[in-house]
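Chain letters run A, B, ... following the sequence lines, proteins first, then strands; residues in each count from 1. Side chains included, hydrogens not; waters and symmetry mates left out as well; all remaining heavy atoms used.
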Protein chains: 2
Amino acid sequence: MPQQDTPPRRRLSRALVAREAITLADQDGLGALSMRSLATRLGVVPMALYKHVADKSDLIDRMVDVIVESYSEPKHSAGWRQKVRARALSAREAILAHPWLGQAIDTRTKRSETVLAHMNAVAGDFIEGGVSPDLTHYAMHTLGNRIWGYSPEAFADVDAPTAADAHTPEIYAYMSNRFPYVVAIAMDAASRSPSHSCEQQSEFEFTLDLILEAVERLHLANWVSRPIEA
Amino acid sequence: MPQQDTPPRRRLSRALVAREAITLADQDGLGALSMRSLATRLGVVPMALYKHVADKSDLIDRMVDVIVESYSEPKHSAGWRQKVRARALSAREAILAHPWLGQAIDTRTKRSETVLAHMNAVAGDFIEGGVSPDLTHYAMHTLGNRIWGYSPEAFADVDAPTAADAHTPEIYAYMSNRFPYVVAIAMDAASRSPSHSCEQQSEFEFTLDLILEAVERLHLANWVSRPIEA
DNA sequence: ACCTGAACACCGTTCAAGT
DNA sequence: ACCTGAACACCGTTCAAGT
């Protein structure tokens with residue numbers, strides 16, 4: 001009788017769908033990931049996926065979440081600089097393992113709980129280490145993609161969306177409890193620039209000048225990456 | 001008689017197609033740009049576009065080229081740091097005017113002449129200012145998206161593709177002539193890391209540590225973005 | 001030389017129906 | 001509760017044909 005050599009055909013679940021999508025993207029790239037190709041791979045009709053995932057964007061959000069949840073925690077005893085460094089290197093490992101991740105993050109528009117938790121953890125490393133929310137804010141913008149191992153603008157506004165989302169007291173209370181460092185940064189930024197005016201330009205120039213100044217310093221110190229081989 | 005109130009209906013050309021695509025993306029976003037929607041806007045059948053553009057990817061390349069060609073040149077008398085700064089700010093203006101540009105750049109896979117010329121110009125600012133090709137290389141990786149006003153990995157390998165492309169003497173000669181600074185960087189990098197091994201990791205850590213060190217310095221100096229308003 | 005019509009092989013997603 | 005079938009409104013692109 002048939003019992004063909006078809007895919008596993010386990011029972012579907014939100015987690016299984018996301019994991020299989022990750023495997024597909026790892027193998028064939030994000031361009032090859034369609035609801036239809038994923039369904040085929042799961043031995044199921046495309047529509048079956050919509051019971052477990054709202055739409056394709058929701059699917060990609062879940063894929064990113066699964067990867068970000070795998071980032072490792074830095075040692076509790078380390079200083080803020082070492083902690084942030086360790087998180088960035090952990091995120092980078094994920095990018096190397098899943099080359100599509102940068103592209104996926106770049107197209108995201110909503111911040112999931114998982115993504116907010118990661119941002120909050122990075123912010124916490126700085127702030128618990130004594131760095132001001134103000135400087136932490138700018139530092140995180142400068143780190144940009146390095147926080148995710150890649151990518152910039154998924155992250156572009158640590159503050160704006162948070163502040164906008166927190167318009168009701170209930171949501172504000174929840175956010176403060178769950179993502180205290182992110183909220184601390186948002187509140188600090190709001191107090192400095194209530195109209196949110198020029199802040200993005202100021203962030204851009206902060207990073208630009210930080211880099212150029214650091215490069216100039218290295219230039220004057222005759223920096224080399226490594227000696228030329230003989 | 002008809003003579004309806006349809007779009008202009010000028011004669012198509014490569015430049016006109018690109019310009020109209022830019023207008024469409026400015027108005028409705030890159031997601032709304034399809035060969036079909038663009039054709040409709042030009043009062044033409046979709047297939048007509050393929051006489052002027054190889055495919056959709058080629059179209060987006062041209063759109064990016066048109067914008068990058070509009071970047072302004074820094075004053076000749078300025079120092080390298082001011083020149084690079086001015087180029088980054090000019091690119092940023094373009095991003096503000098064309099919000100889809102970052103996303104478009106991120107999905108590019110080929111470097112056009114225009115894009116190489118821009119990279120070469122930035123590299124030239126550094127190198128003519130006395131900065132070594134080695135440090136220029138790392139500095140440009142660190143600046144990343146800021147060189148385009150945004151975006152990271154379109155730019156990720158200043159060197160690898162150049163080196164790979166230059167496998168024939170003719171192409172090497174052409175590249176050396178047209179993009180001398182880009183080639184200088186590629187040659188320098190190849191001499192330091194012939195196998196191209198670990199170089200990406202080294203670039204990542206260079207930037208990460210440059211930022212963290214600069215942030216630490218600012219922290220110790222009690223940096224603030226601007227005083228809190230009363 | 002430039003544009004068109006019809007067609008192919010895809011998409012994501014809705015809705016009503018099956019089990 | 002979970003999956004299916006048929007259908008809708010889209011894509012990019014090829015190819016042969018028109019002017």
Engineer: Whole angstroms only, please: what is the CG-P distance between B:L16 and C:dC2?
Structural biologist: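 Between P of C:dC2 and CG of B:L16: 14 Å.
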
Engineer: Quick one, A:F206 and A:H137 - any side-chain contact, counting heavy atoms below 4.5 Å?
Structural biologist: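 Not in contact.
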
Engineer: For atom P, what is the distance between D:dA9 and C:dA9, given to the nearest Å?
Structural biologist: 22 Å

Engineer: If you pin A:A48 and A:R36 to their nearest nucleotides in DNA chain D, which one's is more 5'?
Structural biologist: A:A48

Engineer: Expressed in angstrom and rounded to an integer, what is the separation of A:L12 atom CG from D:dC2 atom C1'?
Structural biologist: 9 Å

Engineer: Can you tell me the distance, in whole Å, between the OH atom of B:Y50 and the C1' atom of D:dT14?
Structural biologist: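 Going from B:Y50 (OH) to D:dT14 (C1'), I get 10 Å.
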
Engineer: Find the partner of D:dT4: check Watson-Crick (N1-N3 plus N6-O4 or O6-N4) and G-U wobble (N1-O2, O6-N3) distances, both under 3.5 Å, and reply none if neither fits.
Structural biologist: C:dA16

Engineer: Under 4.0 Å from OP1 or OP2 of D:dC2: is there any side-chain N or O of A:H52 that close?
Structural biologist: no

Engineer: Does one side chain, of B:Y138 or B:S202, offer a donor that lies under 3.5 Å from an acceptor on the other?
Structural biologist: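 Yes.
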
Engineer: Side chains of A:E69 and A:H118 only: does a donor on one sit below 3.5 Å from an acceptor on the other?
Structural biologist: no

Engineer: Compare the minimum distances between each of D:dT4, C:dT4, C:dG12 and the side chain of B:V44, then state the nucleotide with the smallest one.
Structural biologist: C:dT4

Engineer: At 4.0 Å (heavy atoms only), tell me whether A:M35 reaches a base, stays on the sugar-phosphate, or touches nothing.
Structural biologist: sugar-phosphate

Engineer: Could you check how far CZ of A:R14 sits from C1' of D:dC2, rounded to whole Å?
Structural biologist: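 To the nearest whole Å, that distance equals 16 Å.
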
Engineer: Taking atom P of D:dA7 as reference, at what distance in whole Å does atom CE of A:M47 sit?
Structural biologist: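 That distance rounds to 13 Å.
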
Engineer: Only pairs with both distances under 3.5 Å count, Watson-Crick or wobble alike; so what is the partner of C:dA9 in this structure?
Structural biologist: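 No nucleotide pairs with C:dA9.
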
Engineer: Considering only heavy atoms from C-beta outward, does the side chain of A:L49 approach that of A:L42 to under 4.5 Å?
Structural biologist: yes

Engineer: Compare side-chain N and O positions of A:K56 against OP1 and OP2 of C:dG12 and report whether any pair is under 4.0 Å apart.
Structural biologist: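 Checking C:dG12 against A:K56, a side-chain N or O does come within under 4.0 Å of OP1 or OP2.
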
Engineer: Out of D:dC3, D:dG12, C:dC3, which has the shortest distance to the side chain of B:K51?
Structural biologist: C:dC3

Engineer: Separation of B:D55 atom CG from D:dT14 atom P, in whole Å?
Structural biologist: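 Going from B:D55 (CG) to D:dT14 (P), I get 8 Å.
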
Engineer: Mapping A:A54 and A:A32 to their closest nucleotides on DNA chain C, which lands nearer the 5' end?
Structural biologist: A:A32

Engineer: Separation of A:I60 atom CD1 from C:dG12 atom C1', in whole Å?
Structural biologist: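 Roughly 12 Å, once rounded to whole Å.
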
Engineer: A side-chain contact here means heavy atoms from C-beta on lying under 4.5 Å apart; do B:S37 and B:L24 qualify?
Structural biologist: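 Yes; the side chains approach each other to less than 4.5 Å.
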
Engineer: C:dC11 P sits how many Å from A:L49 CG, rounded?
Structural biologist: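 In whole Å, C:dC11 P lies 13 Å from A:L49 CG.
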
